[in-house]
Amino acid sequence: MMNHPYHIYFVCTGNACRSPLAECILKKLLEQTDLHMEVSSAGTLNWGSNPRDPIMTDIAGEMGYHLTGRTQPISYAMLKDASLIIVFDRIQKDLVTKHVPYAHWDRITLFNQIAFGKPDNLEDPRLQTVDVYRRVANTIEQGCKALVEKWQSNPPENS
């Protein structure tokens, strides 16, 4: 049996702010460890291939991250073999279940739940104030750091 790498997908609504920032941050943090994971992101909304949100891109740059790429929607082919799917809102969790085999629904979790042990949504900063963008970006960074710390002491395995 072939051993597939542990693959994490971050999923938000449009794949313009939260999920690509989490992907970007987690990839950079993982480079500083011996953990071998693939990290990707997508959105529940299929609004075409668009650039990342410019405000979040600027904030990521201020934080030391290079947020690039274009938006992409989730698909069954993309998520069917994901080891872990991290969403930012309960509504996204419901939408993701349509793109994942029933046997893998236990691989879907809320960002705030897995990172901080809190079953709360992480607000969408899109079309809000820059302060909201910063707060969300800082929460994502702290959550990704918490995940890496957790996984360094107890690495996740594919099931």
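- In terms of modelled atom types and a separation under 3.5 Å, the side chain of Thr71 and the main chain of Gly48 share a donor-acceptor contact.
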Criterion side-chain hydrogen bond (donor to acceptor under 3.5 Å, both in side chains) on Glu141 and Tyr65, from CA distance to verdict: CA-CA 10 Å; Glu141 183 181 46; Tyr65 302 102; 2.7 Å; yes
Decide yes or no on side-chain hydrogen bond (donor to acceptor under 3.5 Å, both in side chains) for Ser75 and His99, but give the supporting numbers first. CA-CA 6 Å; Ser75 68; His99 298 275; over 6 Å; no
side-chain contact (heavy atoms from CB on, under 4.5 Å) between Leu110 and Asn121, intermediate numbers included: CA-CA 7 Å; Leu110 275 171; Asn121 294 337; 3.9 Å; yes
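- Using a distance-only test at 3.5 Å, with no hydrogens or angles considered, a donor-acceptor pair links the side chain of Lys150 to the main chain of Ile114.
- With hydrogens and angles ignored, the 3.5 Å screen pairs no side-chain donor or acceptor of Asn112 with any backbone N or O of Lys118.
- In this structure, the separation between CD1 on Ile85 and OG on Ser19 is 12.5 Å, given to the nearest 0.5 Å.
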Apply side-chain contact (heavy atoms from CB on, under 4.5 Å) to residues Arg52 and Leu21 and explain how you reach the verdict. CA-CA 9 Å; Arg52 303 297 184 205; Leu21 181 65; over 6 Å; no
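- Here the shortest heavy-atom pairing between Trp105 and Thr97 reads NE1-O, 3.2 Å.
- Put simply, the side chain of Gln152 never gets that close to the backbone of Thr33: no donor and acceptor are under 3.5 Å apart.
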Run Thr57 and Asp53 through side-chain contact (heavy atoms from CB on, under 4.5 Å) and show every step you take. CA-CA 6 Å; Thr57 300; Asp53 182 280; 5.6 Å; no
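- For Gln142 (side chain) and Thr139 (main-chain N/O), no donor-acceptor pair under 3.5 Å exists by modelled atom type.
- Residues Ile8 and Met37 approach most closely at CD1-SD, 3.6 Å, considering heavy atoms.
- In this structure, the side chains of Lys80 and Val100 stay at 4.5 Å or more apart for every pair of heavy atoms.
- Using a cutoff of 4.0 Å between basic side-chain nitrogens and carboxylate oxygens, Glu62 and Arg134 are scored as salt-bridged.
- Annotation: side chain of Arg18 is not in contact with side chain of Phe111 (no heavy-atom distance under 4.5 Å).
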Start with the C-alpha distance between His104 and Tyr102, add both sets of side-chain angles, then the distance that settles ring pair (Phe, Tyr, Trp, His ring centres under 6.0 Å), and finish with yes or no. CA-CA 5 Å; His104 296 178; Tyr102 177 74; over 10 Å; no
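- The 12-atom threshold is exceeded at CD of Gln128, counting heavy atoms of other residues, nucleotides or ligands nearer than 6.0 Å.
- A donor-acceptor pair is defined here as one N or O able to donate and one able to accept, closer than 3.5 Å; no such pair exists between the side chain of Asn46 and the backbone of Pro73.
- Considering CD1 of Ile140 and SG of Cys24, their distance stands at 10.5 Å, rounded to 0.5 Å.
- A donor-acceptor contact shorter than 3.5 Å links the side chain of Trp47 to the backbone of Gly14.
- Between Ser49 and Gln72, the side chains place no donor N or O within less than 3.5 Å of an acceptor N or O (distance only, hydrogens not considered).
- By the 4.0 Å N-to-carboxylate-O rule, Glu31 lies too far from Lys27 to be salt-bridged with it.
- If you chain together hydrophobic residues whose side chains sit under 4.5 Å apart, Met78 and Val39 never meet in one group.
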